[in-house]
Amino acid sequence: MIESVLPTYARIPLSFERGEGSWLIATDGQRFLDLGSGVAVNALGHAHPELVKALTDQAQALWHTSNVYEIPQQKMLADKFVDATFADTVFFTNSGTEACELAVKMARKYFFDQGQPERVEIITFSGAFHGRSSAAIAASASEKMIKGFGPLLPGFRNLAWGDFELLKSSLDDRTAAILVEPIQGEGGINPLPDQYLKGMRQLCDKHGALLILDEVQCGMGRTGRLFAHEWVGVLPDIMMVAKGIGCGFPLGAVLATETAASGMTAGTHGSTYGGNPLACAVGNKVFDLIANNNFLSDVNRKAGYFRQRLEALIARHSAVFESVRGMGLMLGIKCAIKNVDVVNAGIEHQIATLLASDNVIRILPPLNISGDEIDEAISRLDAAAVSLS
Ligand SMILES: *Cc1c(COP(=O)(O)O)cnc(C)c1O
């Protein structure tokens, strides 16, 4: 008999009743160190007092009005993103998937309005993850995500990750955009080499195509800059964000230049909940806490320390771990044994990590994890590795 909850997840049989900073407290009282952060979502840990206050204050005042009316909290948050990034304008969604939908629609509408309605093709890459809607699975083209789900949304071309020559020869007068994660998350923590991102920008400029960055996982301070592309100095035309921007309250966004967004006039897109007062009250507080040099340099310092300790851990346990990769606090450890066994051994030692493709485990701790908690993480991973070897 089918479970009452649709069984689309291979869940770990464990549930939590409370969170405190970097810790999750299970229903049986066990305390787990959380290196997954709800998949890069709880960027400020669990039950951050200022976020709790922002949410509960707003909850006492007004939850929802719909986008029929102006939402001052939304405008305030949009202004902050516009001031801090390449973007001139922001649309708020509830998720990364919805951000993908709009990014694709926006790019196509731009060319339609330019009198080039045939320019609909979006170039994407193997190993990509952009969400689970019909557009987002067509973008990823992974068999697991698309098989059995009928005709795919047309107009996507999925190329091998890292094959720049192939990319170069693939742009043509039907190309609307390149859509890429600066660091693939689900795909196994694969950073795009700086030169590739620069090259993509140049190719887009040469062909008049748009560059769409998916920073749903790598954005909002995760790499030690507000957005990952800032490390390279390459600017997108459109960017998808979500996950960390709401720290657990569902919130996503599409950021865009005025030019790229020029086709999105009144009535062309919408969302009932997107950017509602509750979400934006949290989003504003998250932004204020993360988007400043003090916080981000702290992330960089901790990331350097964590990585150095992980390198040493890997050297001690070469039968279990192969190598570490990633940027900032978006780290992946390539495993020498099955990654699922490593995650499960972690659970036995009260430390939560995440699976990714390419036999990687992901380490995506809260960005405000303390140095002592990093030490504790290393000793728990050490114990888990000992139990495996
Ligand atoms: C999680 C993720 C998405 C999808 O976001 P949802 O909020 O799950 O819809 C899209 N792109 C990337 C890179 C992601 O990591």
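Here, residue 1 is the first one in the sequence, and each next residue gets the next number. In each ligand, atom 1 is the first atom listed, and ligand 1 is the first ligand listed.
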Novice: Would you call Arg174 and Glu121 a salt bridge, taking side-chain N to carboxylate O under 4.0 Å as the test?
Specialist: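 Result for this pair is yes, salt bridge flagged.
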Novice: Does ligand 1 have any N/O atom under 3.5 Å from a protein N/O, and what are those pairs and their distances?
Specialist:
| residue | atom | partner | partner atom | Å |
| --- | --- | --- | --- | --- |
| ligand 1 | 5 (O) | Gly96 | N | 3.4 |
| ligand 1 | 7 (O) | Gly96 | N | 2.9 |
| ligand 1 | 9 (O) | Gly96 | N | 3.4 |
| ligand 1 | 9 (O) | Thr97 | N | 2.8 |
| ligand 1 | 9 (O) | Thr97 | OG1 | 2.5 |
| ligand 1 | 11 (N) | Phe129 | O | 3.1 |
| ligand 1 | 11 (N) | Asp214 | OD1 | 3.4 |
| ligand 1 | 11 (N) | Asp214 | OD2 | 2.7 |
| ligand 1 | 15 (O) | Gln217 | NE2 | 2.7 |
| ligand 1 | 15 (O) | Lys243 | NZ | 2.6 |

Novice: Which label fits Phe227 and His229: parallel for a plane angle under 30°, tilted from 30 to 60°, or perpendicular past 60°?
Specialist: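 Geometry flag for His229 against Phe227: parallel rings.
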Novice: Does the pair Lys105/Glu101 count as a salt bridge with the N-to-O cut at 4.0 Å?
Specialist: no
Novice: Rounded to the nearest 0.5 Å, how far apart are CE of Met239 and CD of Glu215?
Specialist: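 These two atoms lie 5.5 Å from each other.
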Novice: Out of Glu17, Glu20, Glu376, which one pairs with Arg31 under the salt bridge (charged side-chain N to carboxylate O under 4.0 Å, His left out) rule?
Specialist: Glu20
Novice: Could you tell me whether Asp237 and Arg201 make a salt bridge, using a distance below 4.0 angstrom between a side-chain N and a carboxylate O?
Specialist: yes
